There are 2 protein chains.
Amino acid sequence: MKIDGKAWRSIWVQPDGWSVGIIDQTKLPHAFVTARLASAAEASHAIKSMMVRGAPLIGATAAYGLCIALRDDASDSSLNAAYEFLLAARPTAINLRWALDEMRTALLPLAPSARVQAAYAAAQKICDDDVAICENIGRHGLKLIQAAQKTTAREVNILTHCNAGWLATVDWGTALAPIYMAHDSGVKLHVWVDETRPRNQGAALTAWELGKHGVPHTIIADNAGGHLMQHRRVDMCIVGTDRTTARGDVCNKIGTYLKALAAQDNGVPFYVALPSTTIDWTIEDGVASIPIEERAPEELTRITGRTLNGDLCEVDIAAPGSPAGNYAFDVTPARLVSGLITERGICAASRDSMRALFPERA
Amino acid sequence: MKIDGKAWRSIWVQPDGWSVGIIDQTKLPHAFVTARLASAAEASHAIKSMMVRGAPLIGATAAYGLCIALRDDASDSSLNAAYEFLLAARPTAINLRWALDEMRTALLPLAPSARVQAAYAAAQKICDDDVAICENIGRHGLKLIQAAQKTTAREVNILTHCNAGWLATVDWGTALAPIYMAHDSGVKLHVWVDETRPRNQGAALTAWELGKHGVPHTIIADNAGGHLMQHRRVDMCIVGTDRTTARGDVCNKIGTYLKALAAQDNGVPFYVALPSTTIDWTIEDGVASIPIEERAPEELTRITGRTLNGDLCEVDIAAPGSPAGNYAFDVTPARLVSGLITERGICAASRDSMRALFPERA
């Protein structure tokens with residue numbers, strides 16, 4: 001997507017042909033800073049410190065980290081050591097392991113002398129495949145927005161929660177892919193951006209992305225979506241998902257469930273955009289089966305912002321001494337989901353409909 | 001209620017017998033600072049600058065402002081001038097006008113020489129009446145919490161939104177009155193405190209109040225309540241209301257509606273505590289009839305907190321240049337409300353049940 005008119009991906013090989021460029025997302029939205037990763041250690045640090053975040057981008061960063069490690073030493077032991085080292089950066093990130101497995105499986109059978117070139121090709125393919133998946137999600141979702149456009153005399157109003165944009169993937173994003181595609185093809189639209197407490201990915205990242213690409217949007221408190229839906233100011237919701245069950249329950253950023261309830265209460269379609277890799281075909285009941293991560297309370301009680309003179313400053317905002325609970329995700333039951341937008345097409349959030357679209361899983 | 005073991009009200013006459021003490025709520029939760037109001041101008045400023053907030057407390061502050069003005073000059077023209085001056089501090093606050101009307105109606109018939117003493121008595125009565133109303137709300141709500149206690153082996157978990165505590169009234173509060181009363185009478189309970197974006201009255205004021213009185217509580221993101229209800233970690237919700245329609249629709253802080261939806265979806269009782277003065281008997285359909293105030297976007301994009309060295313610092317937290325929408329209230333339809341806790345007892349959120357409890361309105 002574009003930043004002030006220039007096309008970017010969230011990760012790229014530098015002009016030197018081997019080091020890797022990323023956007024330091026810990027600085028957003030306050031400053032736009034790129035960083036150069038020139039070692040596996042720097043790649044690991046970028047993942048650990050959340051300079052890169054979002055499952056696909058974490059995987060791509062680890063893949064390139066492996067490439068760089070192999071430039072120094074392409075032996076089996078070096079490959080295995082770099083694999084373990086990079087995996088430890090965020091051990092619970094499923095996509096990180098997946099990307100590293102892909103790389104190692106492709107590279108181990110090769111002669112060490114052939115590995116570096118093959119590694120860069122494999123990492124590039126991981127990135128390109130992710131872009132293709134997101135582009136397909138965008139193409140399918142675009143039809144929903146175009147259909148909504150036909151039923152309204154004004155712009156199409158879409159509400160989204162958290163950041164499922166190009167910053168979380170390599171390009172396009174998941175939930176935002178249909179929005180970018182609709183905007184680029186001339187559909188008049190406007191996005192309600194949930195702030196997304198406690199980490200504010202909406203106000204910080206989604207608003208930044210949309211603004212830089214030129215998509216009209218408004219940041220709102222997470223509390224506001226119900227009111228807007230009651231007053232017919234939302235035509236559809238599109239959100240992402242971290243994990244989707246085999247019957248279509250959706251585990252996404254905390255607060256997603258509340259928006260789905262409001263959408264149902266007001267007859268607003270509620271769509272979830274996802275690469276099919278987020279579907280966990282082994283579980284059905286998301287509320288009963290998915291453990292919800294509890295994160296540090298300081299994410300809720302402490303916040304970083306820009307002072308009036310432009311410096312960054314971290315401040316405590318809650319009553320001193322009061323405990324805080326920080327639940328990272330919630331589960332939206334399939335009954336509240338109008339449809340799943342996947343790279344293969346749109347299906348209902350139901351066991352039958354999902355297996356019809358992915359018959360190899362039946 | 002208590003602050004570190006000592007009983008307080010939110011407004012009081014100082015030991016000098018005429019000036020008035022308040023808690024400067026703009027400093028909370030970062031610092032506990034009291035202020036002395038020694039002129040009508042200082043009372044007006046305290047209201048305007050939100051050193052005092054909450055309908056009952058605003059009314060009480062204006063009443064005392066009138067008392068102080070009359071000490072200098074108790075003539076009709078002085079009384080009328082002070083009335084107009086204080087009314088202008090927050091012209092849309094219905095309770096401000098009500099308190100000033102009460103005062104003027106009581107004082108105008110009196111000889112000027114008798115007015116000062118009568119004014120202080122009338123202001124005191126406004127405060128005492130408010131305390132009595134809140135105490136009665138507390139007594140009635142207490143029964144609901146006691147009943148919930150009988151059905152659980154653990155503490156009773158209550159979720160509240162925004163601040164409807166003693167800081168918003170003279171003492172006890174509305175939604176928090178039953179909670180304080182249950183806690184004081186030995187019921188084991190724990191309060192989930194919604195942060196309440198964008199003005200954070202939950203994390204700042206409700207958490208501060210509960211903490212200082214010793215009530216166990218946990219601050220959560222507004223996004224978290226649905227998840228907690230799905231996992232049976234909320235036994236009931238109790239919230240306040242700014243305006244209640246004749247059929248029981250409830251206009252309260254933005255986001256209340258989302259919690260009511262989650263409560264219904266999970267079979268959690270959702271109660272609204274209110275003095276009957278907040279009932280607008282002239283309207284039925286809250287969503288259609290109540291205009292929702294849109295406030296400055298900076299309330300959402302800018303926040304004040306404590307730096308690590310204890311200074312207060314204001315920071316911008318959203319993507320620069322992105323517009324923000326700040327809707328202050330939403331309407332929870334009566335169908336989602338389990339009961340209204342009033343000073344006269346508990347009734348269903350329905351026209352018939354409300355008129356049965358307040359037959360003089362029928």
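A quick note: this is a predicted structure, and the numbers were derived from the prediction, not measured. In the text below, chain A, chain B and the rest are named by the order of the sequence lines, each starting its count at 1.
- For B/A204 against A/A319, the heavy-atom pair with the smallest separation is O-CB, 4.1 Å.
- Taking CD1 of B/I292 as the reference point, atom CD of A/Q230 lies at 8.0 Å (rounded to 0.5 Å).
- The residue among B/L228, B/D311, B/T304 with the most heavy atom pairs within less than 4.5 Å of chain A is B/L228.
- Here A/G255 is the residue among A/G255, A/P297, A/A328, A/G225 with the most heavy-atom pairs under 4.5 Å with chain B.
- Contact annotation for A/L312: neither backbone nor side-chain heavy atoms come within less than 4.5 Å of a heavy atom of chain B.
- Between A/N223 atom CG and B/K259 atom NZ the span is 6.0 Å, to the nearest 0.5 Å.
- For the atom pair OH of B/Y327 and CZ of A/R233, the computed distance is 4.0 Å after rounding to the nearest 0.5 Å.
- Ranked by heavy-atom pairs under 4.5 Å with chain A, the first of B/T301, B/V331, B/V287 is B/V287.
- Of all heavy-atom pairs spanning A/A262 and B/L258, the tightest one is CB-CD2, 3.6 Å.
- Rounding to the nearest 0.5 angstrom, the gap separating the CD1 atom in B/I254 from the CG atom in A/D222 is 11.0 Å.
- By number of non-hydrogen pairs under 4.5 angstrom with chain B, the leading residue of A/A207, A/G211, A/P198, A/G202 is A/A207.
- For the set A/H30, A/H217, A/E314, the count of heavy-atom pairs under 4.5 angstrom toward chain B peaks at A/H217.
- Here the straight-line distance linking atom CG of A/L261 with atom CE of B/M229 works out to 9.5 Å at 0.5 Å rounding.
- The minimum heavy-atom distance between B/E195 and A/I317, with the atom names listed, is OE2-CD1, 4.0 Å.
- Ranked by non-hydrogen atom pairs under 4.5 Å with chain B, the options A/T196, A/D265, A/D194, A/I303 are led by A/D265.
- Summarising the geometry of A/H227 relative to B/Y257, their closest heavy-atom pair is N-CD2, 4.3 Å, with the distance given to 0.1 Å.
- At a 4.5 Å heavy-atom cutoff, A/L28 makes no contact with chain B through either its backbone or its side chain.
- Your options are A/K253, A/Q264, A/H161, and the one with the most heavy-atom pairs under 4.5 Å with chain B is A/H161.
- Neither the backbone nor the side chain of A/N326 has a heavy atom closer than 4.5 Å to any heavy atom of chain B.
- Contact of B/R335 with chain A is made through the side chain alone, with heavy-atom distances under 4.5 Å.
- In this structure, chain B has no heavy atom under 4.5 Å from any part of A/T256.
- Highest contact tally toward chain A, considering only B/P320, B/G321, B/P216, is held by B/P320 [criterion: heavy-atom pairs under 4.5 Å].
- Between B/C313 and A/T307, the shortest heavy-atom contact is SG-CG2, 3.6 Å.
- Comparing A/A203, A/P323, A/G226 by heavy-atom pairs within less than 4.5 Å of chain B, the highest count is held by A/P323.
- Listed here is the closest heavy atom pair of A/A324 and B/T218: C-CG2, 3.6 Å.
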